[in-house]
Amino acid sequence: MRPSKRELCKVCGQEAKYYLSIPNDHGEPQVLHLFLCRHCGLLFVGNPVTDAQLAHAYGTLDWQQYYKEIGFATAGKIARALDDLRALVPVSANHRSVLDVGCGYGHFLDALSRAYPSVRAAGSELQGEPALACRARGFTVFTCDLEEVGEKFNIVALLDVAEHVPSPNRTFAACHSLLEKEGYIYIHTPRRCVWDNLFLFLARIPGSRRFSKAWLRTRVSIFHLQLWTDKALKLALEKTGFGLVYLKSEL
């Protein structure tokens, strides 16, 4: 099906223009149409993507191999997250709680529990092997929608999750509803960098489109439904009731 030339940006609601299409090797939809918002800079999959389609796509992954491949990077991100959270979760704190959204096999929850034994650590994950493995480690794992969790937390963490969700504003709003008063949301997510901008430019030049697609397929896919800019992330958080405390962009 030929995509429309314009869609509304899923974050800011402004007009986003069709940019290019890439194949999806993990089920339906077979082709993903990418749109670029000129207002906030978000690059995103414009196709409607259902929960069933996402579940099928994630079911095609070899999870153990996947976590093995990203093990080194994951360890570094977990170490950074623990350092960043130290100011929010004092070592002596009691009755503190953290919800790790997209907890996977529980690597972050495990490290968090070792660093802060008194903190109640729980996770949220899709039904499947990772959630079962995380529960086997002894953690509470919610596999329902975030709106149905029914508990409150001091901190909600999304480590490389904000790029995966079909409706980021809805996800952030749900996270807001799960927080205690004066709670925090803590996010790691890929962002548009100089290389992304270069290949977006090259996509408009005849003869360079193939190389541009090869790069952009590693950045946006059925698994990474949006590629954030700082502006888009700030807008999404502001729209869902958050105030920005700290933002650091790294290449």
Side-chain angles (χ1 to χ4, degrees), residues 1-51 53-54 57-58 61 70 73 77 101-102 158-173 175 185 187-240 242 244 247-251:
M1 180 181 294
R2 186 178 179 85
S4 63
K5 291 185 178 180
R6 292 175 175 81
E7 294 280 348
L8 294 182
C9 175
K10 61 172 69 176
V11 165
C12 69
Q14 299 294 318
E15 184 180 276
K17 292 185 178 181
Y18 168 72
Y19 214 82
L20 54 79
S21 298
I22 58 175
N24 173 29
D25 300 326
H26 299 274
E28 297 290 338
Q30 295 181 356
V31 177
L32 302 175
H33 306 306
L34 305 189
F35 288 78
L36 182 65
C37 179
R38 298 296 185 182
H39 177 68
C40 71
L42 189 77
L43 180 67
F44 64 95
V45 172
N47 309 58
V49 178
T50 67
D51 290 342
Q53 289 170 337
L54 285 176
Y58 282 101
L61 293 178
I70 66 170
K77 290 174 184 177
V101 176
L158 293 86
L159 305 184
D160 290 333
V161 170
E163 66 273 21
H164 294 275
V165 296
S167 303
N169 288 8
R170 176 185 171 185
T171 297
F172 292 161
C175 291
I185 188 172
I187 299 170
H188 281 191
T189 189
R191 59 188 287 274
R192 266 181 60 186
C193 67
V194 62
W195 293 108
D196 300 316
N197 296 335
L198 171 63
F199 282 102
L200 284 170
F201 172 76
L202 291 176
R204 293 305 191 191
I205 300 177
S208 300
R209 201 173 184 85
R210 179 165 57 92
F211 301 104
S212 177
K213 282 188 176 184
W215 172 267
L216 293 173
R217 285 184 68 186
T218 71
R219 303 289 278 161
V220 186
S221 67
I222 192 68
F223 303 113
H224 286 191
L225 295 171
Q226 51 266 337
L227 183 60
W228 293 93
T229 60
D230 293 348
K231 182 176 182 180
L233 187 58
K234 289 177 184 177
L235 283 172
L237 291 170
E238 289 170 0
K239 280 177 169 285
T240 49
F242 289 101
L244 183 65
L247 172 67
K248 184 173 183 179
S249 303
E250 294 183 351
L251 183 62

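This chain uses plain numbering: 1 for the first residue, then up along the sequence.
- Summarising the geometry, atom NE2 belonging to H188 is positioned 6.0 Å from atom CG belonging to L159; distances are rounded to the nearest 0.5 Å.
- Every residue two or more places apart in sequence or in another chain that forms a salt bridge (Lys or Arg N to Asp or Glu O under 4.0 Å) with R6 is listed here: E15.
- In this structure, the side chain of T240 engages the main chain of A236 through a donor-acceptor pair within 3.5 Å.
- With a 4.5 Å cut-off on side-chain heavy atoms, I222 and L32 count as touching.
- The shortest distance between side-chain heavy atoms of F172 and I185 falls below 4.5 Å.
- The side chain to side chain donor-acceptor pair (under 3.5 Å) check on S21 picks up Y18, H33, with sequence neighbours excluded.
- Looking at residues two or more places apart in sequence or on another chain, you find no side chain to side chain donor-acceptor pair (under 3.5 Å) involving R204.
- Contact of the L158 side chain with the T171 side chain is registered, since non-hydrogen atoms from C-beta on lie closer than 4.5 Å.
- Among residues two or more places apart in sequence or in another chain, the salt bridge (Lys or Arg N to Asp or Glu O under 4.0 Å) test is passed with R38 by none.
- Contacts of R219 classified as salt bridge (Lys or Arg N to Asp or Glu O under 4.0 Å), with partners at least two apart in sequence or in another chain: D196.
- Results of the side-chain hydrogen bond (donor to acceptor under 3.5 Å, both in side chains) test with T189 over H164, H224, E163 single out E163 as the only residue that passes.
- By the 4.5 Å heavy-atom criterion applied to side chains, L42 and L235 are not counted as neighbours.
- Partners of E28 by side chain to side chain donor-acceptor pair (under 3.5 Å), not counting sequence neighbours, listed by chain and number: Q30.
- Residue pairs meeting the salt bridge (charged side-chain N to carboxylate O under 4.0 Å, His left out) criterion with at least one member in residues 228-240, sequence neighbours excluded: R191-D230.
- Side-chain atoms of V101 and V165, non-hydrogen and from C-beta on, never get closer than 4.5 Å to each other.
- Residues that satisfy the ring-ring contact (aromatic ring centres under 6.0 Å, His included) test with F242, not counting sequence neighbours, are H176.
- Under the 4.5 Å side-chain criterion, counting only non-hydrogen atoms from C-beta, F44 is not in contact with L227.
- Under the 4.5 Å side-chain criterion, counting only non-hydrogen atoms from C-beta, R192 is in contact with L36.
- A distance of 8.5 Å separates CZ of F199 from OG1 of T218, quoted to the nearest 0.5 Å.
- With values rounded to the nearest 0.5 angstrom, W215 atom CH2 is found 11.0 Å from L200 atom CG.
- Listed by chain and number, the residues in a salt bridge (Lys or Arg N to Asp or Glu O under 4.0 Å) with K77 are D160 (sequence neighbours excluded).
- What you find for V161 and G102 is that their closest heavy atoms are CG2-CA, 4.0 Å.
- D51 places no side-chain N or O within 3.5 Å of a backbone atom of L54 that could act as its donor or acceptor partner.
- Checked by atom type and distance alone, the side chain of R209 pairs as donor or acceptor with a backbone atom of A203 at under 3.5 Å.
- Take F223 and apply the ring-ring contact (aromatic ring centres under 6.0 Å, His included) test, not counting sequence neighbours, and it matches H26, Y58.
- In this structure, L43 CG and F35 CZ are separated by 11.0 Å, a value rounded to the nearest 0.5 Å.
- A search for side chain to side chain donor-acceptor pair (under 3.5 Å) contacts involving T229 returns nothing, not counting sequence neighbours.
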May I have the step-by-step check of side-chain contact (heavy atoms from CB on, under 4.5 Å) for V45 and L34, ending in yes or no?
-> CA-CA 5 Å; V45 172; L34 305 189; 3.9 Å; yes
For residues 7-14, please give each side-chain donor-acceptor pair under 3.5 Å, one per line with the distance, not counting sequence neighbours.
unit_1 : atom_1 : unit_2 : atom_2 : d
E7     : OE2    : S4     : OG     : 3.0
K10    : NZ     : P166   : O      : 3.3
K10    : NZ     : Q226   : OE1    : 2.9

